[in-house]
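Working notes, beginning with the structure itself.
Order of appearance sets the numbers: ligands from 1, and atoms from 1 within every ligand. Please read these numbers as outputs of a predicted model, since none were measured by experiment.
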Amino acid sequence: MSKIQEIATAVAGGKMKIVGGLIDEALAEGIAATDILNEGLIAAMSIVGDQFKDGQIYVPEMLVAARAMKKGVEKLKPHLAGGVTATLGKFIIGTVEGDLHDIGKNLVGMMLEGSGFEVVDLGVDVPSAKIIDAIKANPDCRIVGLTALLTTTMPALKDAVSAIAEAGLKNQVKIIVGGAPITQEFADKIGADGYAENAASAASISKKLIA
Ligand code: B1M
């Protein structure tokens with residue numbers, strides 16, 4: 001088994017204690033941090049998602065795998081984020097109301113920080129009113145990023161985008177959306193300014209949106 005497969009297996013199996021050591025070994029072997037992230041950690045979440053869908057594992061196993069994933073991301077962070085000093089201004093980010101998934105959101109936040117944004121993270125299960133309060137409290141913020149991971153919380157994403165527009169804040173901020181069930185077509189339909197499929201493209205598209 002390759003080192004990256006070992007990492008994916010450990011994360012999918014929720015073996016939090018060994019993930020950090022395996023990542024150190026992979027980095028020492030010269031494996032790129034982005035490959036460890038994509039082919040090791042993110043791939044592990046797909047494995048877990050499939051196992052959950054097939055009824056082989058349940059929510060508690062998904063949770064321990066998510067914890068192992070977070071441990072891995074923490075370990076990789078210094079090797080992924082470029083250490084750029086913030087210059088592009090504030091970026092408000094959050095997972096929409098009713099949705100507790102934050103791994104993808106956190107990765108997006110990390111990439112944004114690495115690209116020069118100052119990230120204001122509202123966390124998960126964020127009601128539209130809280131997003132609006134945050135925009136008002138940060139008048140220098142020019143972009144908001146919203147995540148939804150469940151088909152059942154896609155309407156909350158739509159509501160959040162509508163609420164920002166109804167609050168008259170669309171002149172101040174651009175909105176970028178993402179998450180596994182989200183598509184460019186859905187983003188266009190709900191009036192978002194941008195959509196990104198993954199964390200790296202979220203950073204580059206966000207830069208373009210505020211250019
Ligand atoms: Co959940 N879950 N989960 N879960 N979970 C999924 C999403 C699911 C697809 C699993 C499955 O059935 N195969 C399924 C959704 C099905 C659907 O909606 N059609 C599901 C379900 C059903 C549920 C529950 C309802 C289960 C239950 O209770 N019966 C429940 C819901 C809780 C809630 O939110 N209210 C639930 C709970 C959980 C845990 C809490 C146990 C845990 C989350 C822990 C956490 O996040 N702290 C969990 C996990 C781990 C998953 C899977 C396995 C992994 C998610 C993940 O982290 N992926 C997931 C299956 C899967 O995704 N294959 C699943 C890795 C992450 C890097 O990818 O978040 O997509 P992702 O982010 C990507 C891109 O989408 C993009 O960039 C990221 C990096 O490249 N991106 C953006 C994300 N945000 C972006 C924002 C942007 C731009 C790009 O701009 C702002």
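With a 4.5 Å cut-off on side-chain heavy atoms, Phe91 and Asn138 do not count as touching.
Per-atom contact check: atom 65 (C) of ligand 1 touches the protein, criterion being a heavy-atom distance below 4.0 Å. Per-atom contact check: atom 59 (C) of ligand 1 does not touch the protein, criterion being a heavy-atom distance below 4.0 Å. Remark: atom 16 (C) of ligand 1 lies closer than 4.0 Å to no protein heavy atom. Shown here, atom 8 (C) of ligand 1 is out of close reach of the protein: none of its heavy atoms lies under 4.0 Å off. Distance remark: protein heavy atom present below 4.0 angstrom from atom 27 (C) of ligand 1.
A side-chain N or O of Asn198 and one of Ser201 form a donor-acceptor pair less than 3.5 Å apart.
Here is the list of ligand 1 atoms found below 4.0 Å of a heavy atom in Leu146: 91 (C). Which parts of ligand 1 touch Ala202 is read off a 4.0 Å heavy-atom cut-off, strictly below it: atoms 88 (C). Ligand 1 places these atoms under 4.0 Å from at least one heavy atom of Asp99: 34 (O). Residue contact check: Gly178 has heavy atoms under 4.0 Å from atoms 82 (C), 84 (N), 85 (C), 86 (C), 87 (C), 88 (C), 89 (C), 90 (O) of ligand 1. The ligand atoms of ligand 1 that sit less than 4.0 angstrom from a heavy atom of Gly145 are 91 (C).
For atom 74 (C) of ligand 1, the closest heavy atom belonging to the protein is Glu197 O, 3.4 Å.
Proximity of Lys70 to ligand 1 is established by a heavy-atom distance of less than 4.0 Å. The closest approach between Ala199 and ligand 1 falls below 4.0 Å for a heavy atom of the residue.
Scored by the side chain to side chain donor-acceptor pair (under 3.5 Å) test, Gln184 finds Asp188 as partners (sequence neighbours excluded). The side chain to side chain contact (heavy atoms under 4.5 Å, CB included) search around Ala165 returns Lys170, not counting sequence neighbours.
The closest heavy-atom contact to atom 35 (N) of ligand 1, among the options Ala203, Pro60, Gly98, Gly194, comes from Gly98.
Residue-to-ligand polar distances place Thr151 within reach of ligand 1: an N/O pair is separated by less than 3.5 Å. Inclusion of Thr147 in the set of residues having an N or O under 3.5 Å from an N or O of ligand 1 is warranted.
Only protein atoms were considered; those of element N, O or S under 2.8 Å from atom 1 (Co) of ligand 1 number 1.
Membership of the apolar cluster around Ile92 extends to Val96, Val120, Leu122, Val126, Ile131, Ile132, Ile135, Val144, Leu146, Met154, Leu157, Val161, Ile164, Leu169, Val173, Ile175, Val177, Ile182, Phe186, Ile190, Tyr195, as traced through chained side-chain contacts below 4.5 Å between ILVMFWY residues.
Checking side-chain atoms of Asp99 against main-chain N and O of Thr95 turns up no donor-acceptor pair under 3.5 Å.
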